[in-house]
Peer 1: 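Pasting a structure below so you can have a look.
Chain A is the first sequence line, chain B the second, and so forth, proteins listed ahead of strands; every chain is numbered from 1. Keep in mind the model is a prediction, meaning the values are calculated, not measured.
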Amino acid sequence: MTFAHILLQWFEENKRKLPWRNETDPYKIWVSEVILQQTRVVQGIDYYHNFIAHFPNVNALAAAPESEVLKVWQGLGYYSRARNMHVAAQTIANEHLGIFPHHYDEIRKLKGIGDYTAAAIASIAFNLPYPAIDGNVLRFISRYFGIFDNIALNKTRKFIVEKCRTLILPDEAGTFNQAMMEMGATQCTPQHPHCENCPFQSSCFASIHQQVENLPFKQHNITIKNRYFNYLFFIHQQKTVIQQRTANDIWNNLYELPLVETPTAEFDIHSFIQQQNIVCEDDPKMAWETKHILTHRNIFAKFFVLPVTKIPKLTQNQIVIDLKDFKKFPVAKITERFMMRLGELKSNITII
DNA sequence: AATGCGGGGTA
DNA sequence: TACCCAGCATT
């Protein structure tokens, strides 16, 4: 039995049933792959169905306004994925006659498609023999061959790509790649892998040499930075003001309340409204204080309710909207949570 | 080669 | 808490 045959037999017996399995439409395979970038399968499934329902094909996606795409993506995170997919859809519509490109090099050129996603689409949709190396495969292969190099390095990743090129079953590249990822995702897991019933137990370096806990090797050096966001919820006759984020920063192109970012938690709302000549009918109140935890950021946010005599526009990019229209705009999770709380706040804060 | 980019599940 | 998820773009 070759490596590939052991793998495929295990896969046949153990594969999960997923919405995009047995899918042949490259568009849908593309959507599933992008959704699953740095995202767990269980987290992505609902978004996959929803996305396909809204944008059933590449031309529908290309024709949609960006805000609509972001709205469907709302809550999933890494929003550049949605923006890049939108751009790529327009590239396919305009330069490929709306037909998803059939060659690896053409697929790889599309915005938001890197080495992994290009190989995944090429192999799964078109059965082209490109090994798809994601985090699951890096872990599985580094353990199987006993590769102690830092898997964060491009050099190591390329080495593992070449290893997999020798293992891949060219005629069943799509199935092979999915099986490799499934092996890493469900059998060769990060913590407490199930070596006791693994078909590679007797041939795996890490299993034989008791090195499973030490592989893959990676150095963890992410620095978590604190940021302090003070959001202003102006309210006057069921109207408020929002703005679109356009800086090269977190939540790019999503909407939010007017924001005052401060270097520390220190923020005096009273002196701020005085400086800005904002006239309130009643004292501004802090309605919600929360800590929003991300992989590389801790965002300490405060939301202030400002019952004003007139809705102010502090900057050009801000727009005045009816409260009931707030939910039409794509927003980050933290703003979504604040909107959810508005209903609860209404019973406590008389001015809303 | 290193950093920024979300949000959530798991131990 | 720390880790990490069917990664990619930018610098």
Peer 1: Output yes when a side-chain donor or acceptor of H96(A) lies under 3.5 Å from a complementary backbone atom of N94(A), and no otherwise.
Peer 2: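 It does not hold such a pair.
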Peer 1: Going by heavy atoms closer than 4.0 Å, what residues in residues 179-186 of chain A are next to DNA chain C?
Peer 2: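 Heavy-atom cutoff 4.0 Å gives M181(A), E182(A).
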Peer 1: I'd like to know if the side chain of R21(A) reaches the main chain of K15(A), judged simply by a donor and an acceptor atom lying under 3.5 Å from each other, with no hydrogens or angles considered.
Peer 2: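 Checking the backbone N and O of K15(A) against the side chain of R21(A), no donor-acceptor pair under 3.5 Å is found.
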Peer 1: Donor-acceptor pair under 3.5 Å: do we get one between T295(A)'s side chain and the base of dG7(B)?
Peer 2: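 Indeed, a donor on one side and an acceptor on the other fall under 3.5 Å apart.
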Peer 1: Using whole Å, what does the distance between atom P of nucleotide dG7(C) and atom NE2 of H296(A) come to?
Peer 2: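 Going from NE2 in H296(A) over to P in dG7(C) covers 17 Å.
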Peer 1: Base, sugar-phosphate, or nothing for A152(A), non-hydrogen atoms under 4.0 angstrom?
Peer 2: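 Nothing: the residue A152(A), judged by heavy atoms under 4.0 Å, touches no strand.
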Peer 1: For Q9(A), give me all partners under side-chain hydrogen bond (donor to acceptor under 3.5 Å, both in side chains), at least two apart in sequence or on another chain.
Peer 2: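 side-chain hydrogen bond (donor to acceptor under 3.5 Å, both in side chains) check on Q9(A) returns nothing, list empty.
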Peer 1: Taking side-chain hydrogen bond (donor to acceptor under 3.5 Å, both in side chains) as the test, write out the residues that go with T295(A), two or more places apart.
Peer 2: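 Not a single residue meets the side-chain hydrogen bond (donor to acceptor under 3.5 Å, both in side chains) criterion with T295(A).
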Peer 1: Flag yes if V260(A) and M286(A) sit in one hydrophobic cluster, no otherwise; membership is Ile, Leu, Val, Met, Phe, Trp, Tyr, and two members link when side-chain heavy atoms are under 4.5 Å apart.
Peer 2: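 Both belong to a single hydrophobic cluster.
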Peer 1: Using a strict heavy-atom distance below 4.0 Å, which residues from residues 12-37 of chain A are in contact with DNA chain B?
Peer 2: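 The answer is none.
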Peer 1: Who pairs with K225(A) by salt bridge (Lys or Arg N to Asp or Glu O under 4.0 Å), at least two apart in sequence or on another chain?
Peer 2: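 Checked K225(A) against salt bridge (Lys or Arg N to Asp or Glu O under 4.0 Å); zero matches.
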Peer 1: Is the shortest side-chain N/O distance from K333(A) to OP1 or OP2 of dG8(B) below 4.0 Å?
Peer 2: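 It does, given that an N or O in the side chain of K333(A) lies less than 4.0 Å from OP1 or OP2 of dG8(B).
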Peer 1: P atom, dT11(C) versus dG6(B): distance in rounded Å?
Peer 2: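 Between the two P atoms, the distance is 16 Å.
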Peer 1: Just how far, in rounded Å, is P of dA9(C) from CG of N252(A)?
Peer 2: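 One finds 15 Å between P of dA9(C) and CG of N252(A), rounded.
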Peer 1: Hey, are Q37(A) and Y116(A) close enough side-chain-wise for a donor-acceptor pair under 3.5 Å?
Peer 2: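 Note: Y116(A) and Q37(A) side chains miss the donor-acceptor criterion.
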Peer 1: For K225(A) and dG4(B), give me the distance from atom NZ to atom C1', rounded to whole Å.
Peer 2: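 Rounded to the whole Å, the gap is 11 Å.
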Peer 1: Can the positive tip of K302(A) be found less than 6.0 Å from the middle of the six-membered ring of F267(A), inside 45° of the ring normal?
Peer 2: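 K302(A) over F267(A) ring: no.
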Peer 1: Quick one: name the residues clustered hydrophobically with F148(A), using the 4.5 Å side-chain heavy-atom rule over I, L, V, M, F, W, Y, and just say none if it's on its own.
Peer 2: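 Besides F148(A), the cluster holds F205(A), L215(A).
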Peer 1: S32(A) side chain to I29(A) main-chain N or O, any donor-acceptor pair under 3.5 Å?
Peer 2: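 Answer holds: yes.
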Peer 1: Look at the side chain of R81(A) and the base of dC5(B), then say whether one donor and one acceptor between them are separated by less than 3.5 Å.
Peer 2: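 Answer no: no donor N or O sits under 3.5 Å from an acceptor.
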Peer 1: Is there a donor on the side chain of T39(A) or the base of dG7(C) sitting less than 3.5 Å from an acceptor on the other?
Peer 2: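 When only heavy-atom distances are counted, T39(A) does not reach the base of dG7(C) through any donor-acceptor pair under 3.5 Å.
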Peer 1: Rounding to the closest angstrom, what is the interatomic distance between dA6(C) and dG4(B) at atom P?
Peer 2: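 Rounded to whole Å, the distance is 24 Å.
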Peer 1: Fit a plane to each ring of F200(A) and F140(A), take the angle between them on a 0 to 90° scale, and name the class: parallel (under 30°), tilted (30 to 60°) or perpendicular (over 60°).
Peer 2: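 F200(A) and F140(A): tilted rings.
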Peer 1: Does the N127(A) side chain pair with the main chain of D171(A), one donor and one acceptor, at a distance under 3.5 Å?
Peer 2: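 Yes, the answer is positive, given that a donor and an acceptor are paired below the 3.5 Å cut-off.
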Peer 1: Rounded to whole Å, how long is the line connecting atom CZ of R297(A) with atom P of dG4(B)?
Peer 2: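 Atom CZ in R297(A) sits about 5 Å away from atom P in dG4(B).
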Peer 1: Any salt bridge (charged side-chain N to carboxylate O under 4.0 Å, His left out) pairs touching residues 227-237 of chain A, not counting sequence neighbours?
Peer 2: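 Every pair satisfying salt bridge (charged side-chain N to carboxylate O under 4.0 Å, His left out) with a residue in residues 227-237 of chain A: R227(A)-D249(A), R227(A)-E261(A).
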Peer 1: Taking for each residue the nucleotide of DNA chain B with the nearest heavy atom, is it N154(A) or L294(A) whose nucleotide lies nearer the 5' end?
Peer 2: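 The 5'-side residue here is N154(A).
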Peer 1: By a strict heavy-atom criterion of less than 4.0 Å, which residues belonging to residues 65-80 of chain A are in contact with DNA chain C?
Peer 2: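 Nothing qualifies; none.
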Peer 1: Scan R83(A) against the nucleic acid and name what it touches under 4.0 Å (heavy atoms): base, sugar-phosphate only, or nothing.
Peer 2: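 Nothing: the residue R83(A), judged by heavy atoms under 4.0 Å, touches no strand.
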Peer 1: For a quick check of understanding: with a heavy-atom distance under 4.0 Å over all strands, which category does D249(A) fall into, base, sugar-phosphate or nothing?
Peer 2: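 The answer is sugar-phosphate, as D249(A) gets under 4.0 Å only of primed atoms, P, OP1 or OP2.
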Peer 1: Rounded to the Å, how far apart are Q38(A) CD and dG8(B) C1'?
Peer 2: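 Distance, rounded to whole Å: 13 Å.
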Peer 1: For Q191(A) and A332(A), find the nucleotide of DNA chain B closest to each by heavy atoms; which residue's nucleotide sits nearer the 5' end?
Peer 2: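 Taking each residue's closest nucleotide, the earlier one in sequence belongs to A332(A).
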Peer 1: Provide, to the nearest angstrom, the distance between the CZ atom belonging to F140(A) and the P atom belonging to dC5(C).
Peer 2: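 Computing the F140(A):CZ to dC5(C):P distance gives 15 Å.
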Peer 1: Report the hydrophobic cluster partners of F300(A), with the cluster defined as I, L, V, M, F, W, Y residues connected by side-chain heavy atoms closer than 4.5 angstrom, directly or transitively.
Peer 2: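 Grouped by the 4.5 Å side-chain rule, Y228(A) form the rest of the cluster around F300(A).
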Peer 1: Expressed in whole Å, how much space separates the P atoms belonging to dA9(C) and dG8(B)?
Peer 2: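 These two P atoms come out 24 Å apart once rounded.
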Peer 1: When you match I113(A) and V41(A) each to their closest nucleotide on DNA chain C, which lands nearer the 5' end?
Peer 2: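 It is V41(A) whose nearest nucleotide is closer to the 5' end.
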Peer 1: Under the rule for side chain to side chain contact (heavy atoms under 4.5 Å, CB included), what residues qualify as partners of N197(A), not counting sequence neighbours?
Peer 2: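 Residues passing side chain to side chain contact (heavy atoms under 4.5 Å, CB included) with N197(A): Q187(A), H194(A).
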Peer 1: Choosing from dC4(C), dG8(B), dC5(B), which nucleotide comes nearest the side chain of K218(A)?
Peer 2: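 So the nucleotide nearest the side chain must be dC4(C).
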Peer 1: Nearest of dC5(B), dA11(B), dA1(B) to any side-chain atom of H192(A)?
Peer 2: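 Closest nucleotide to the H192(A) side chain: dA11(B).
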Peer 1: Just to be sure I understand the geometry, which residues of residues 115-139 of chain A put a non-hydrogen atom under 4.0 Å away from DNA chain C?
Peer 2: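 Under 4.0 Å from DNA chain C: D115(A), Y116(A), T117(A), D134(A), G135(A), N136(A), R139(A).
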Peer 1: Could you state the atom-to-atom distance from CD of Q43(A) to P of dC5(C) in whole Å?
Peer 2: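 Atom CD in Q43(A) sits about 13 Å away from atom P in dC5(C).
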Peer 1: Nearest whole angstrom, please: distance from the P of dG6(B) to the CG of L254(A).
Peer 2: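 Distance, rounded to whole Å: 8 Å.
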Peer 1: Taking side-chain hydrogen bond (donor to acceptor under 3.5 Å, both in side chains) as the test, write out the residues that go with H5(A), two or more places apart.
Peer 2: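 T2(A).
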